[in-house]
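Keep in mind that what you see is a predicted model, and the values were worked out from it rather than measured.
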Number of protein chains: 2
Amino acid sequence: MTALSDRKKRILAAVVADYIQTAEPVGSRTVARSYRIGLSSATIRNEMADLEEMGYLEQPHTSAGRIPSQKGYRYYVDHLMAASELGGDEEETISRYLGLEKMREIEQIIISAVRVLSSITNHTSMIMGPQFKKSTFRQMRILPLDEQRGLVVLITDSGFIKNKVIDLYQSLSSSELHQVVSYLNQKLFGLTIDQVTASLINELKRDLFRRLEILEQAFILLEESLKEEQQVRVFLGGTTNILNQPEFKDVEKIRRMLALFEQESLLFKILENNLGEEDVVVKIGRENPFEDIQECTLITAAYKINQKTLGTVGVIGPTRMDYSRVIGVLRCLVDNLNRTLNL
Amino acid sequence: MTALSDRKKRILAAVVADYIQTAEPVGSRTVARSYRIGLSSATIRNEMADLEEMGYLEQPHTSAGRIPSQKGYRYYVDHLMAASELGGDEEETISRYLGLEKMREIEQIIISAVRVLSSITNHTSMIMGPQFKKSTFRQMRILPLDEQRGLVVLITDSGFIKNKVIDLYQSLSSSELHQVVSYLNQKLFGLTIDQVTASLINELKRDLFRRLEILEQAFILLEESLKEEQQVRVFLGGTTNILNQPEFKDVEKIRRMLALFEQESLLFKILENNLGEEDVVVKIGRENPFEDIQECTLITAAYKINQKTLGTVGVIGPTRMDYSRVIGVLRCLVDNLNRTLNL
DNA sequence: TTTTAGCACTCTAAGCATTAGAGTGCTAAG
DNA sequence: CTTAGCACTCTAATGCTTAGAGTGCTAAAA
């Protein structure tokens with residue numbers, strides 16, 4: 001890639017910045033007038049024609065201004081964008097929303113986070129709930145409820161508590177129960193949930209089966225419970241915000257986007273795709289492997305519990321997005337989230 | 001209200017039925033041709049003019065056909081509508097969706113129900129999750145997790161299991177804990193959750209305080225936990241279905257509707273409003289006290305767990321809705337739901 | 001050689017007039 | 001009381017015109 005001249009950079013930056021603000025194609029006159037480049041519109045026109053040929057700008061039709069191409073946005077994000085300065089109020093809003101609620105459950109915190117994120121950025125935002133299977137087993141309990149039923153409680157290091165009512169067809173003395181449970185705790189302690197594989201469960205079952213046939217039922221259900229939890233919840237906020245964007249004035253586009261938002265499993269895949277990454281990741285348009293959002297930009301960041309990356313928080317909107325601001329907000333939110341979740 | 005002549009009834013029924021299907025104003029010719037009334041279009045024209053004067057029909061503009069007014073729909077629902085006959089497949093779909101999953105948690109069942117409902121009716125549907133506060137206390141447990149923390153587990157008769165990690169700043173012997181917990185169980189057993197008022201809790205606290213100051217913390221958190229749960233979840237399905245309706249081709253209307261769907265607390269109020277009612281309730285347009293949905297029809301039905309009405313399931317769409325079908329589907333769904341939930 | 005002013009050209013979006021079609025209401029005849 | 005016929009009304013679609021924004025090119029200026 002040939003490097004852009006300083007002048008071209010300034011002009012590209014001006015076009016992107018203006019288009020982000022106005023959502024209208026930007027003409028040479030506008031650039032000359034509003035962005036003290038110190039050149040006449042004719043000169044800028046020539047430069048813009050060059051930038052178009054190089055693929056950084058596009059023209060909706062011959063007699064319109066230019067708009068940034070996806071390549072143009074990418075260049076802007078990588079080289080031209082000013083580091084975002086959050087307004088003090090925004091930073092405060094975020095930390096207040098998340099800070100207030102120290103005693104609440106993890107789910108509540110996540111919901112607050114997704115709300116504040118969408119309301120500050122004015123885009124749809126989503127958070128992948130902490131991945132149960134990546135957290136490590138801490139302890140398991142079985143509470144007898146009555147003669148026929150018991151409650152299995154499973155606790156992990158990142159504050160997950162899963163429970164499930166199970167049928168115990170034969171009644172079970174409490175000492176027997178205690179024995180089994182402490183054996184399981186001993187075997188499972190410190191494993192992450194996705195290390196509790198079917199084969200491990202089978203092994204344990206064999207061990208115990210000789211001694212206690214009665215727990216067969218409980219095991220089936222424990223297995224199921226683990227399987228079930230593979231699907232992680234994705235929380236959404238501000239889904240209607242896409243309606244504010246002029247690029248979504250077409251009902252058909254709206255429908256497709258909203259339909260996407262209803263498919264939790266797809267959202268999960270999209271977010272999981274960016275899970276490993278450090279810091280903030282920006283995927284512009286077709287940089288994203290998922291077809292349905294190739295007209296959008298997705299900006300994500302990972303959050304951690306106990307030093308482990310357990311989930312992703314993201315903002316999705318049209319490629320015409322205030323990158324600098326959204327990145328700043330997202331970074332700030334993740335910082336706060338990490339602090340809150342690791343209390 | 002003067003009774004309608006038989007002929008007027010037949011014509012009104014034809015107009016409503018046709019408009020429900022086509023979403024286009026219905027002209028006298030169409031009625032004469034398609035609905036074997038045995039009258040010419042001119043006669044029907046006269047009758048339709050009468051029906052308009054009586055308030056059952058409306059005219060979008062002079063040279064258009066008629067559409068039913070809200071009063072017209074009401075008359076149709078009360079007097080004209082054929083009892084719905086569900087197709088066998090639909091009934092099967094419903095019971096398969098809900099039946100398959102006998103072992104799942106209540107939340108999962110509710111989510112399945114809302115999905116199947118929206119996909120069969122092609123409207124947005126919503127279910128108010130079971131009201132925690134209307135179910136009765138069955139038992140409470142406290143599991144010590146480590147020296148500093150314990151897990152409070154609360155179980156009710158309708159299968160609710162609430163849990164919360166609490167801090168126990170002083171360590172507590174297990175016999176003391178046992179004592180307190182069994183005292184609480186004894187006092188609370190059989191009360192509904194909203195009978196567990198602040199004053200009752202205070203009383204209990206006084207009783208126990210003399211003996212065990214250490215549980216102070218636990219109490220604060222139990223109180224909180226109860227307060228928190230006042231807000232019941234509302235589950236939504238098929239929110240994008242409103243986009244299929246021609247009456248929502250305007251982006252502004254879509255925005256308002258979707259914004260409504262994001263306000264869980266308002267949805268809750270709307271559904272709660274119809275909680276006491278028996279069987280299926282149809283609220284057409286302005287019959288509904290909530291302004292935001294006065295262009296819509298809301299059809300609701302209550303479901304029960306242990307003979308107690310704990311929640312409501314509803315379908316919302318434009319007033320032009322296939323009443324007979326939706327009512328049939330809803331009735332069938334609630335039957336199935338009742339059966340599944342009371343296993 | 002680079003920049004700029006000027007101008008012809010292109011394309012869109014908005015406004016306006018025209019028209020086809022659907023449906024009505026009224027009147028007069030059956 | 002019913003119906004055929006007809007004039008009338010209103011909408012939605014179509015085509016035409018125009019204003020405006022912006023471009024690309026050329027030739028003059030720096």
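Here the nucleotide nearest the side chain of A/Met48, chosen from C/dT4, D/dT23, C/dG23, is D/dT23. Side-chain proximity of A/His61 to the nucleotides D/dT3, C/dG23, C/dC11 is greatest for C/dC11. Counting only heavy atoms from C-beta on, B/Arg45 has its side chain closest to D/dC6 among D/dC10, C/dC11, D/dC6. Side-chain atoms of A/Arg66 lie closest to D/dT23 of the nucleotides C/dA5, C/dT12, D/dT23. With D/dT23, C/dT4, D/dT3 as the candidates, the nucleotide lying closest to the side chain of B/Thr43 is D/dT3. Comparing C/dT24, D/dG24, D/dA21 against the side chain of B/Gln59 picks out C/dT24 as the nearest.
When the P atom of D/dC1 is taken as reference, atom CD1 of B/Ile37 falls 19 Å away, rounded to whole Å. Rounded to whole angstrom, the span from the NZ atom of B/Lys8 across to the P atom of D/dT2 amounts to 10 Å. Rounded to whole angstrom, the span from the CD atom of A/Glu47 across to the P atom of D/dG22 amounts to 19 Å. Rounded to whole Å, the distance from CD on A/Glu58 to C1' on D/dT23 is 17 Å. In this structure, CD of A/Glu24 is placed 15 Å from P of C/dT12, rounded to the nearest angstrom. C/dG23 atom P lies 15 Å from atom CG of B/Leu57, rounded to whole Å. Whole-Å rounding puts the B/Ile67 CD1 to C/dG23 C1' distance at 15 Å. Rounded to an integer number of Å, the gap from B/Glu52 CD to C/dT24 P is 10 Å.
Within the structure, a side-chain polar atom (N or O) of A/Thr62 is placed less than 4.0 Å from OP1 or OP2 of C/dC11. When the side-chain nitrogen and oxygen atoms of A/Arg7 are compared with OP1 and OP2 of C/dT3, one or more of them lie within a distance under 4.0 Å. In this structure, B/Ser40 reaches the D/dT3 phosphate: one of its side-chain N or O atoms is under 4.0 Å from OP1 or OP2.
Using a 4.0 Å heavy-atom distance criterion, A/Ser28 is classed as a sugar-phosphate-only contact. Backbone-only engagement by A/Ala64 is indicated by non-hydrogen atom pairs under 4.0 Å involving sugar-phosphate atoms exclusively.
Of the residues near DNA chain D, B/Ala42 and A/Val26, the one whose nearest nucleotide (by heavy atom distance) lies more toward the 5' end is B/Ala42. DNA chain C is contacted by both B/Asn46 and B/Gly65; B/Gly65 maps to the nucleotide lying nearer its 5′ end (nearest heavy atom per residue).
Using modelled atom types and a 3.5 Å distance limit, the side chains of B/Gln70 and B/Thr319 yield no donor-acceptor pair.
To the nearest 0.5 Å, atoms OG1 (A/Thr300) and CD (A/Glu272) are separated by 12.5 Å. Expressed to the nearest 0.5 Å, how far CD1 of B/Ile20 lies from CG of B/Asp18 amounts to 10.0 Å.
Residues B/Ser125 and B/Val114 share a closest heavy-atom pair of OG-O, 3.1 Å.
The aromatic rings of A/Tyr56 and A/Tyr75 stand perpendicular to each other, their planes meeting at an angle above 60°, with 30° marking the opposite boundary.
Screening A/Asn122, A/Thr124, A/Ile316 for a side chain to side chain contact (heavy atoms under 4.5 Å, CB included) with A/Ile242, the sole residue that qualifies is A/Thr124.
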